[in-house]
Structures are given as structure tokens and as C-alpha cells.
Amino acid sequence: AGGVMAFMNGPGGDGVQPEPVIVELFTSSSCPQCPQAENALAWLGAEQPVHGAEIIPIAMHVDFGGLPLKRDPLSRDDFLARQKAYVEAMGGGTAFTPQIVVDGRPQSPGCTSDRLRTLVEEAARVSKGYVHMAVLERTPKEVRVSLRVGPNSRAGSDVYLVVAENGVINPSLRLTPDTPQTLTAVA
């Protein structure tokens, strides 16, 4: 079922409770335009430049063009399935990289920084349901939590817990065999 759910950090310094805005980037290590898109996503997450929005950046690696020769070592079939589901939900078309999805709304190729900022601002004006999480118990291998759905949440909504590591550098993954650059993950 629908509805964006997110864990909030609380009001900002000005007392304004930011709305969560999920910015998903479908990317690939084989795509020549993707490093710029990944840098923009990392900047959005680190700088949080839109007042009233808590930007939650998520980068998902997919195989570039779906070709076996362009296999991305970070790709996962479920990421590609998610991207294809977005494309289908919007009436068909083609999945591409880099592709940006803001709060479940896929964008067309060539989404500029200004356009992305506008999309985040628009998404931040939409009130969403909330999930409040409390840690009940923590061990080195396990965390038990309690989840409580907030008042704006719709009945039957799905709740997803995403654990992401930002800025992970994997020196064994190269952009191409001939370049010394390594891939740095964005949450």
C-alpha cells in the first residue's frame, strides 16, 4: 500500500519539523554520467539545502542498459526490479541511468540541479505518515526496536527499514579496469 514512511531527527534549529523527502538514484559504475549524479546526491544528503525538507538519499546500482557486458559489481536484481516498477507505475517507458526518483515520482533524463531542488521543495510540502522508533535492546549482533505509526499514516501502509552506510570506499571496485578511481558509496 502507499505512503512514504520515515524516521525523523526532530525539529531543526528554527523549530520547523522537516518533512522527509526520499531521493532515490538509480546509477551504475559503467554509466559515464552517473558519477556527477552520485556527487549531487551525496551533496544533497550532506548539506540538506532545502528548508523544511529532510532529504534521505539512496543510491541503487543497476546494470547499465541491462547488458551482461556492463555488469555493475554493486548492482542487485531487486534494485533493477524497483526501478522497473517505477517505470511501469508511470505508464511505461524505459529505465535509464542515472534516473532520479523523488518521493516515488520518477524523473526524466537530464534532471538539472535546479529542477531537482524544485522537486524536493514540492515533495517537502506534502505531509506524510510517520513511524516513531524506539530502541528496546541493543547487542553487538542485534537491535530490537518498537515501531509506532504516527497520526497521519494510512492504514495498510508498508514500513521499510533501510540501513545504509554512507561514504564506504571499496578499493577493489574500479570504475574501469584501467582507472585507479574507486567507487565511494552514497547512502
dist R144:CZ -> R138:CZ (nearest 0.5 Å) comes out at 13.5 Å

Output for pair (D103 CG, E122 CD), nearest 0.5 Å, gives 11.0 Å

Taking every heavy atom of A53 against every heavy atom of A124, the minimum-distance pair comes out as CB-CB, 3.7 Å

* Where do T27 and T97 land on the side chain to side chain contact (heavy atoms under 4.5 Å, CB included) test, with the steps shown first? -> CA-CA 5 Å; T27 184; T97 58; 5.7 Å; no

So CG of D63 and SG of C31: to nearest 0.5 Å the spacing works out to 12.5 Å

**Q.** Intermediate values then yes/no, side chain to side chain contact (heavy atoms under 4.5 Å, CB included), V143 and V135
**A.** CA-CA 7 Å; V143 176; V135 176; 4.0 Å; yes

* To do: Give a yes or no on whether D78 atom CG has more than 12 heavy-atom contacts from other residues, nucleotides or ligands under 6.0 Å away.
  => yes

Test salt bridge (charged side-chain N to carboxylate O under 4.0 Å, His left out) on R125 and E121 and set out the steps. CA-CA 7 Å; R125 288 193 287 270; E121 289 169 349; 5.1 Å; no

Q | Q36 atom CD, neighbour heavy-atom count above 12 within 6.0 Å | A | no

| field | Working for side chain to side chain contact (heavy atoms under 4.5 Å, CB included), residues E24 and Y86 | value | CA-CA 11 Å; E24 296 170 88; Y86 277 133; 2.4 Å; yes

I100 and V87: same hydrophobic cluster, using ILVMFWY side-chain contacts below 4.5 Å?
no

Minimal heavy-atom distance between D72 and S28, with the atoms involved, is OD2-CA, 3.1 Å

| message | Is the shortest side-chain heavy-atom distance between L25 and Q99 below 4.5 Å? | response | no

One should read off an interatomic distance between S146 OG and M133 CE, to the nearest 0.5 angstrom, of 10.0 Å

Note: V120 and V21 closest approach over all heavy atoms is O-CG2, 3.9 Å

**Prompt:** Is there side-chain contact between V101 and V23, with heavy atoms separated by less than 4.5 Å?
**Reply:** no

Between K84 and E88, does at least one N-O distance fall below 4.0 Å, as a salt bridge requires?
no

CD of Q48 to CD1 of I55, rounded to nearest 0.5 Å, is 5.0 Å

Can you see whether F79 has R76 sitting over its ring - NZ or CZ less than 6.0 Å from the centre and within 45° of the normal?
yes

Side chain to side chain contact (heavy atoms under 4.5 Å, CB included) evaluation trace for E19 with V126
CA-CA 8 Å; E19 282 291 330; V126 177; over 6 Å; no

Here the gap from F96 atom CZ to F26 atom CZ, rounded to the nearest 0.5 Å, amounts to 10.5 Å

Residues H61 and S29: closest non-hydrogen pair is ND1-N, 3.8 Å

